[in-house]
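Written below as structure tokens is the structure these notes are about.
So that the names make sense, note that chain A is the first sequence line, chain B the second, and so on, each numbered from 1. What you see is a predicted model, and the numbers here were worked out from it, not measured in a lab. Any value given below was found using the heavy atoms of this structure, including those in side chains, with hydrogens, waters and symmetry copies removed.
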Amino acid sequence: MSVRVYNTLTRKKEEFVPLTPGHVRIYACGVTVYDLSHVGHARSAMVFDVIQRYFRFKGYRVTFVRNFTDVEDKIIRRANAEGVLAAELSERYVQAFREDMAAIGVAPADVEPKATEHIPEMVALIERLVTKGFAYTVDGDVYFEIRRFPPYGRLSGKNLDELLAGARVEVDERKRDPRDFALWKSSKPGEPAWPSPWGPGRPGWHIECSAMAMKYLGESFDIHGGGEDLIFPHHECEIAQSEADTGRPLARYWLHNGMVTFRAEKMSKSLGNILSIREFVKRHDPDAFRLFVLGTHYRHPIEWSEERVQESARAVERLTRLIHDVQTFWSGAGGDSTLPDELRTFRTRFVAALDDDFNTPQALGVLFELSHVLYEYAEHASVDAGARAAVIVGVQEMTNLMRVLGFLERGYEPSGAPPEIERLVQERGQARARHDWRHADQLRDEIQGRGFSVEDTPSGPRVTRRSA
RNA sequence: GGCGGCGUAGCCAAGUGGCCAAGGCGGAGGUCUGCAAAACCUCUAUUCAGCGGUUCGAAUCCGCUCGCCGCCUCCA
């Protein structure tokens with residue numbers, strides 16, 4: 001079965017066919033590293049993380065590129081304000097981003113290029129655009145002339161005349177057309193600068209992605225992704241630059257994730273309604289965030305809410321508790337039995353959901369249904385070897401499917417209770433056996449005081465680390 | 001103003017022409033339990049913002065109305 005993806009370019013779901021059979025090449029726009037990333041950035045990264053994982057699961061070879069924008073006005077401004085080099089500031093936030101991604105279980109990309117390390121490629125691309133007549137120079141700046149590229153506006157559905165009428169485009173008399181955008185900007189004193197045929201300067205806002213995508217994925221590749229707020233102008237400009245140069249489609253499929261809103265507005269630095277990933281991770285389980293993100297289709301907006309994340313945490317526990325129980329009570333039992341027919345359909349439905357434009361909410365629904373069936377087996381597992389075998393193999397299956405979505409990335413510690421806790425649990429068990437309830441309850445309090453909880457089940461005590 | 005999208009149970013959220021409208025959270029019963037807690041099971045929308053139309057048949061297609069969001073400016 002093939003994957004169907006919604007393509008922003010055509011506004012339709014299309015069958016996904018890679019340019020090179022068996023190999024998927026993906027470029028996703030990363031972050032501008034001038035500050036800590038927030039949960040909106042995290043959503044975007046997680047969405048493309050899951051897409052990338054899913055293609056691998058389907059047996060494709062995947063080359064996944066996610067860039068860092070490390071030269072930009074805000075970086076420069078902030079670095080100057082702090083009295084550090086722009087490169088120092090951006091490197092700090094590159095590291096922070098990587099730590100944040102690791103904390104929420106988002107895998108690193110295969111290539112994570114930085115703009116500043118690809119200046120020569122950008123200069124070369126701009127030179128070609130000038131030579132081919134798509135760009136012109138003014139006082140050390142280079143602009144892309146959009147009138148020379150008729151498809152401009154196709155991705156975003158913009159009408160060029162209306163764009164002009166919008167009149168919010170910055171007016172610069174030197175430009176031939178107000179809608180032309182900068183490929184190269186001459187540097188002012190105190191700004192980072194690189195040599196170029198047009199004098200010292202720095203790249204414009206969009207050229208880095210064109211140059212880096214071309215370098216690592218070729219002139220034409222499969223999927224280009226990013227937040228939907230990048231459709232215009234960023235991706236529109238990328239298409240113009242790249243396709244004007246190569247004459248070939250930059251990417252065949254354009255995928256865009258919906259925004260995270262907060263207080264009914266897009267979460268963004270400029271509005272001040274943000275929550276950093278760092279802040280989030282202090283309070284919540286990464287898999288709770290993953291469920292929060294994947295519980296809504298990637299193209300739809302999500303309203304941020306603490307309460308919603310806590311709900312997600314409770315929901316994800318439903319899934320992981322089963323894994324925990326199997327590892328605690330029946331590890332080693334059962335062996336390598338095959339999956340009962342009743343359980344085979346779940347993988348089929350799970351895959352069908354994800355094949356349909358990565359419908360993670362539906363795929364999660366399948367996992368929850370699977371968990372119900374497994375819990376029913378688990379009811380009899382302590383007395384019924386067949387049920388026990390089914391639970392064990394079924395939980396293995398569920399674990400595999402959850403991993404496709406990136407859950408359980410940081411490992412699950414079923415027997416993670418330290419020895420002293422285990423000792424208390426055992427002691428409590430003995431107390432309960434002699435009906436010494438007072439002592440048993442004391443021990444339970446003691447265990448809880450140390451950050452663990454103990455619950456009594458027919459199969460034995462279930463010990464779990466209590467989340468904050 | 002232009003472009004794109006959304007409005008489904010108390011809350012969140014799939015479903016986009018035809019079996020009982022997934023799933024999660026919450027709630028109500030029940031089972032288990034020394035107790036408590038947790039867990040598990042069952043139930044929880046004759047109805048899909050409103051109105052009109054197309055159709056044998058619509059939450060799903062078309063039109064209008066109302067409400068909301070994103071983009072049009074740096075932005076995941």
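- Side-chain contact check for A/T261 and A/E303: at least one donor-acceptor pair (N or O, by modelled atom type) lies under 3.5 Å.
- In this structure a side-chain-to-backbone donor-acceptor pair under 3.5 Å is missing from A/D141 to A/K185.
- Within the nucleic acid shown, A/L230 comes within 4.0 Å of sugar-phosphate atoms alone, with no base atom in reach, counting heavy atoms only.
- Aromatic ring orientation, A/Y253 versus A/F16: tilted (interplanar angle from 30° to 60°).
- Between the CZ atom of A/R263 and the P atom of B/G70 there is a distance of 14 Å, rounded to whole Å.
- Residues A/W437 and A/H439 place their aromatic rings such that the two centres sit no closer than 6.0 Å.
- Residues A/D49 and A/R53 are paired through a salt bridge, judged by an N-O separation under 4.0 Å between the basic side chain and the carboxylate.
- Using a 30° and 60° split on the angle between ring planes, A/F289 and A/W304 fall in the tilted class, from 30° to 60°.
- Between the P atom of B/G4 and the NE2 atom of A/H256 lies a distance of 16 Å, rounded to the nearest Å.
- For A/K74 and B/C74, a side-chain-to-base donor-acceptor distance below 3.5 Å is present, hydrogens and geometry of angles not being considered.
- Separation of the P atoms belonging to B/A22 and B/C75 is 43 Å when rounded to the nearest angstrom.
- Using a 4.0 Å heavy-atom criterion, one finds that A/N359 contacts the sugar-phosphate atoms exclusively.
- Residues that satisfy the ring-ring contact (aromatic ring centres under 6.0 Å, His included) test with A/H235, not counting sequence neighbours, are A/H224, A/W254, A/H256.
- Remark: the separation of the C1' atoms in B/C20 and B/C12 is 23 Å, to the nearest Å.
- Between the side chain of A/K266 and the base of B/C75, a donor-acceptor pair under 3.5 Å is found.
- The CE-P distance, from A/M259 to B/C72, rounds to 11 Å in whole Å.
- One interatomic measurement links the two molecules: CD1 of A/I302 to C1' of B/C6, which rounds to 14 Å at whole-angstrom precision.
- At B/A76, one or more side-chain N or O atoms of A/T32 fall inside 4.0 Å of OP1 or OP2 (strictly under the cut-off).
- Looking at heavy-atom distances under 4.0 Å, A/R154 makes no contact with the nucleic acid at all.
- Atom P of B/A13 sits at a distance of 25 Å from the matching atom of B/C19, rounded to the whole Å.
- Contacts of A/E265 with the nucleic acid, taken as non-hydrogen atoms under 4.0 Å apart, involve only primed sugar atoms and P, OP1 or OP2.
- If you check every strand for non-hydrogen atoms under 4.0 Å, A/E72 touches sugar and phosphate atoms only.
- Judged by distance alone with a 3.5 Å cut-off, a donor-acceptor contact links the side chain of A/R444 to the base of B/A36.
- Side-chain proximity of A/T261 to B/C69, B/G34, B/A13: nearest is B/C69.
- Among the heavy atoms of the strands lying under 4.0 Å from A/G30 are primed sugar atoms or P, OP1, OP2 only; no base atom is included.
- Scanning for ring-ring contact (aromatic ring centres under 6.0 Å, His included) contacts around A/H300 gives A/H297, with sequence neighbours left out.
- The side-chain heavy atoms of A/Y6 and A/K12, taken from C-beta on, include no pair separated by under 4.5 Å.
- Put simply, the side chain of A/E112 gets close to the backbone of A/A109: a donor and an acceptor are under 3.5 Å apart.
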Fill in the blank from the handout: Each nucleotide of nucleotides 16-30 of chain B classed B (base within 4.0 Å of a protein heavy atom), S (only sugar-phosphate) or -, in 5' to 3' order, makes ------BSBSS----
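- Side-chain polar atoms of A/Y152 and A/E145 form no donor-acceptor pair below 3.5 angstrom.
- Contact of A/D456 with B/G34 (side chain to base): no donor-acceptor pair of N or O atoms is detected under 3.5 Å.
- Side chain of A/E455, nearest nucleotide from B/A14, B/A37, B/A76: B/A37.
- Between the A/T296 side chain and the A/I302 main chain, no donor and acceptor come within less than 3.5 Å of each other.
- If you measure from atom CD of A/E236 to atom C1' of B/C72, you get 11 Å, rounded to the nearest angstrom.
- If you check every strand for non-hydrogen atoms under 4.0 Å, A/T8 touches nothing.
- Going from the C1' atom of B/C66 to that of B/G27 covers 31 Å, rounded to whole Å.
- Taking the six-membered ring for Trp, A/Y216 and A/Y27 have ring centres at least 6.0 Å apart.
- With distances taken from any side-chain atom of A/C29 to the nucleotides B/G34, B/A76, B/C40, the minimum falls on B/A76.
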Practice task
Map every base of RNA chain B to its dot-bracket character, where paired means a Watson-Crick or G-U wobble contact with both distances under 3.5 Å and | marks a partner outside the strand.
Solution key: ((((((((.[[[..)..(....]]]((((((.......))))))....[[[[[..)....]]]]])))))))....
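- Straight-line distance between the P atoms of B/C11 and B/G18: roughly 27 Å, to the nearest whole Å.
- Across the C1' atoms, B/C51 and B/G67 are found 15 Å apart, a figure rounded to whole Å.
- For B/G15 and B/A76, the C1' atoms lie 27 Å apart once the distance is rounded to whole Å.
- A/F350 pairs by the ring-ring contact (aromatic ring centres under 6.0 Å, His included) definition with nothing, not counting sequence neighbours.
- Contacts between residues 33-47 of chain A and RNA chain B, counted as heavy-atom distances below 4.0 Å, involve A/H38, A/G40, A/H41, A/S44.
- Nearest to the side-chain atoms of A/R462 among the listed nucleotides B/C35, B/A76, B/A39 stands B/A39.
- Counting to the nearest Å, the P atom of B/C71 and the CE atom of A/M267 are 14 Å from each other.
- The residue A/A264 sits close only to the backbone: its heavy atoms come under 4.0 Å of sugar-phosphate atoms, none of a base.
- With rounding to whole Å, A/K12 atom NZ is found 13 Å from B/G5 atom P.
- As rounded to whole Å, 16 Å separates atom P of B/A39 from atom CD1 of A/I323.
- Residues A/Y6 and A/F48 each lie close to RNA chain B; by heavy-atom proximity, the contact nearer the 5' end of the strand is made by A/Y6.
- Here, B/A9 and B/A45 have their C1' atoms 4 Å apart, quoted to the whole Å.
- A donor atom on one side chain and an acceptor atom on the other are not found under 3.5 Å apart for A/S453 and A/Q448.
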